[in-house]
There are 2 protein chains.
Amino acid sequence: MTARTRKPPTLEDVAREARVSLKTASRVLNGAINVRQEKADRVRAVMERIGYRPNELARSLMTRKSSVIGMIVANLANPFITSVIHEVQEVARSHGYVAIVTSSKGRPDIERMEIETLVRRRIDGLILAPAESRRDTITDALPNDLPLVTLDQLVRGASFDSVTITNRRSACDATQHLLGHGYRRIVAIGTRPHLYTSKERITGYRESMRRASFEPRVCCVDHEDLLTSEWFDKEVIRGQSADAVLSLNWVTTLHFLRGLDALGIRGGRNIPFIAFDDFDLGDVLSPRLTVVRQPSELLGRESAQLLFDRMNGKRRPKPDAVVLPAGLIIRESCGCKGSRSSS
Amino acid sequence: MTARTRKPPTLEDVAREARVSLKTASRVLNGAINVRQEKADRVRAVMERIGYRPNELARSLMTRKSSVIGMIVANLANPFITSVIHEVQEVARSHGYVAIVTSSKGRPDIERMEIETLVRRRIDGLILAPAESRRDTITDALPNDLPLVTLDQLVRGASFDSVTITNRRSACDATQHLLGHGYRRIVAIGTRPHLYTSKERITGYRESMRRASFEPRVCCVDHEDLLTSEWFDKEVIRGQSADAVLSLNWVTTLHFLRGLDALGIRGGRNIPFIAFDDFDLGDVLSPRLTVVRQPSELLGRESAQLLFDRMNGKRRPKPDAVVLPAGLIIRESCGCKGSRSSS
DNA sequence: ATGAAAGCGCTAACAT
DNA sequence: ATGTTAGCGCTTTCAT
């Protein structure tokens with residue numbers, strides 16, 4: 001065993017060294033005003049000298065407030081989510097909180113376990129990007145008084161705050177844009193069609209197609225592993241004779257572009273193409289990706305702010321359902337003429 | 001205030017309801033064997049019924065073990081780091097731990113504050129991707145007995161474990177590969193040249209150039225904001241008449257490709273090009289990116305494993321310095337003929 | 001196998 | 001302005 005040299009100093013050690021009572025030391029620690037300057041200085045000097053670090057665990061136990069929020073996401077690899085996390089952490093830090101971020105891998109069973117460990121650690125609030133759109137899988141695992149904000153996926157009939165984007169509307173806009181280019185056999189591709197976001201985006205797509213009197217063509221798989229180049233070739237390209245594609249999420253786009261590439265097809269060039277979610281190099285890809293860009297920073301800030309408001313009782317009892325706009329970033333892959341100089 | 005309806009049940013509540021002593025309930029909770037089956041079942045039934053959740057905070061206070069590790073990274077947006085985090089969390093979870101991951105933004109002052117908050121929360125170990133390569137900024141803020149593993153940046157003269165990659169060697173290989181294509185005015189570009197990783201990579205690059213009797217050309221800036229297209233044009237392209245480029249890190253590559261694009265130049269096509277760190281679409285980009293790929297999953301697993309070994313006293317007292325190989329993924333941007341079918 | 005008492009390091013409530 | 005006494009929810013002696 002690594003012998004921890006000695007126990008770290010406690011507030012009692014500080015008090016003894018500074019010849020004040022424990023409570024006075026505590027007051028100094030918490031910046032209380034009613035302490036004589038002289039004693040306060042003495043206490044602070046001792047703290048500095050012996051390297052005192054307050055034990056946040058002990059404090060939390062007493063105050064019933066851990067100063068920790070939890071955040072559960074589906075997939076850490078998605079840069080969209082990374083950006084959300086970053087903003088959440090900024091807000092958390094500004095409130096003196098830290099965030100424990102874990103991943104559910106999109107699986108409700110893992111999500112449940114993650115919730116359990118977070119609850120045991122007595123988090124003060126939770127930001128959850130649900131693995132499913134079902135309410136009971138979440139509420140069952142949660143103390144009913146834990147402030148909760150859901151993100152991305154909307155959980156219907158839920159009694160907690162949510163932050164989502166204009167899924168339907170943005171899918172509508174994207175489809176319309178492709179229709180405007182004259183494409184008619186536009187195929188929507190994606191994963192996990194039963195998810196709220198998928199359903200909404202598909203609905204938006206369908207609306208646009210119907211309005212234009214074209215037949216909607218939706219190709220979805222249950223798991224991303226099924227997004228092989230063979231599948232794209234057979235189901236999308238040939239099966240639907242696609243003349244344009246709308247990709248409903250990040251992971252689909254990733255596999256789609258790789259799959260096409262393996263087939264010797266250039267996404268966006270040979271097949272016009274709009275995707276939900278941007279990529280780090282989406283603006284440099286050839287052709288540049290036209291995407292529906294989720295306002296990830298805003299999503300992070302809004303959801304965290306909502307959570308802290310709720311934790312501080314600053315909101316109406318009624319849950320808030322914030323919907324943020326996701327805008328179409330028109331570049332080239334949709335068929336628009338880009339401004340790329342040479343090639 | 002949101003009135004938390006009622007205090008969550010404690011082990012004492014469980015014990016009372018199950019008509020056993022507090023200690024017996026505790027034994028059941030911790031899976032001790034010396035409890036009569038009948039009582040154990042009763043206790044478990046009560047726990048289930050009243051929705052008891054052990055308070056990890058209280059347990060931690062007593063056991064002096066928080067079951068939390070900290071992880072501080074420079075930049076959450078870098079997909080390489082995301083992948084490391086994911087693996088660290090997997091290892092942590094397998095040990096019954098959670099990880100609190102925070103970002104230093106590459107700034108030592110923020111790093112220091114983050115260390116402080118983590119120490120106050122009594123983390124049992126820390127995985128740190130240092131913002132700088134200086135030892136004292138780290139050790140000053142840290143209890144000297146806290147198990148620590150550094151990642152990515154090596155801190156010289158340090159007495160803790162580290163996990164790094166073959167920076168010098170990989171830079172050497174990458175440069176050699178470009179030289180093999182016949183380029184001689186190869187320019188190494190990057191940020192923060194004083195960092196360990198930068199220095200090592202630059203050294204590797206210089207070695208290769210010298211060995212081939214070509215003049216090394218290094219263009220670095222102190223902050224990524226200075227990586228403008230004007231800078232690339234003036235300093236790299238024209239200033240050095242570069243006929244090939246070696247990008248020393250992810251953020252540089254990102255700005256480089258965008259900058260070139262703004263100049264109407266295709267990275268990899270017009271300017272042959274190898275980069276440290278891969279991109280999500282690096283294999284689909286035209287031309288496909290030739291990269292030095294850091295074994296991020298392995299880095300995550302190794303560093304976490306090292307940390308837990310250290311925490312459990314399973315290592316020799318001497319600090320370990322693990323060096324993992326980063327391999328060259330040869331695609332097209334270096335000038336190699338790709339296998340892309342059409343274009 | 002079981003329980004009573006002490007205590008982890010801090011803050012809350014009530015003194016003074 | 002300062003100190004005293006409890007006690008947060010658990011685990012750890014040390015009895016029995």
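Proteins come first, then strands; the chains are lettered A, B, ... in the order of their sequence lines, and each starts at number 1.
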Short side-chain N/O contact to C:dT11 OP1/OP2 from A:Asn30, under 4.0 Å: yes
Check: B:Leu154 main-chain N/O paired with B:Thr164 side-chain donor or acceptor under 3.5 Å: no
Length of the CD-P vector between B:Glu12 and D:dC8, whole Å: 8 Å
Nearest-angstrom distance from the residue atom CZ of B:Arg59 to C1' of D:dC8: 16 Å
Span that lies between the C1' atom of C:dA15 and that of C:dT11, in whole angstrom: 16 Å
First of B:Ile33 and A:Leu29 reached from the 5' end of DNA chain C, by closest nucleotide: B:Ile33
D:dT11 OP1/OP2 closer than 4.0 Å to side-chain N/O of B:Thr63: no
Phosphate-side-chain proximity, A:Arg64 and D:dG9, N/O vs OP1/OP2 below 4.0 Å: yes
Close side-chain approach of B:Asn78 and B:Val73, heavy atoms under 4.5 Å: no
Under 4.0 angstrom between A:Thr24 side-chain N/O and D:dG3 OP1 or OP2: yes
Spacing of B:Asn34 atom CG relative to D:dT16 atom C1', expressed in whole Å: 14 Å
Length of the CG-C1' vector between B:Leu22 and D:dT13, whole Å: 14 Å
N/O (side chain, B:Lys65) to phosphate O (OP1/OP2, D:dT11) under 4.0 Å: no
Atom-to-atom span, CE of B:Met62 to P of C:dA5 - whole angstrom: 17 Å
A:Tyr97 and A:Phe308 aromatic ring geometry - parallel, tilted or perpendicular at 30°/60° bounds: perpendicular
Sugar-phosphate only, base, or nothing, as touched by A:Asn55 at under 4.0 Å among non-hydrogen atoms: sugar-phosphate
Rounded interatomic separation in angstrom, taking CD from B:Glu38 and P from C:dA1: 14 Å
Nearest-Å distance for atom pair CG/P, residues B:Leu57 and D:dC8: 15 Å
Heavy-atom side-chain contact between A:Ser162 and A:Val155 under 4.5 Å: no
Residue-phosphate contact under 4.0 Å: B:Thr10 side-chain N/O, D:dG9 OP1/OP2: no
Residue-phosphate contact under 4.0 Å: A:Arg36 side-chain N/O, D:dT2 OP1/OP2: yes
Backbone N/O of A:Asp309 and side chain of A:Asn312: donor-acceptor pair under 3.5 Å: no
C:dG9 versus D:dT2 - spacing of their P atoms, nearest Å: 26 Å
N or O in side chain of B:Lys39 less than 4.0 angstrom from C:dA1 OP1/OP2: no
5' precedence on DNA chain C between B:Val35 and A:Lys23 (nearest-nucleotide basis): B:Val35
Under 3.5 Å: donor-acceptor pair, side chain of A:Asp13, backbone of A:Thr10: yes
Whole-Å distance separating the CD atom of B:Glu56 from the P atom of D:dG9: 14 Å
Most 5' of B:Arg53 and B:Arg27 on DNA chain D, judged by nearest nucleotide: B:Arg53
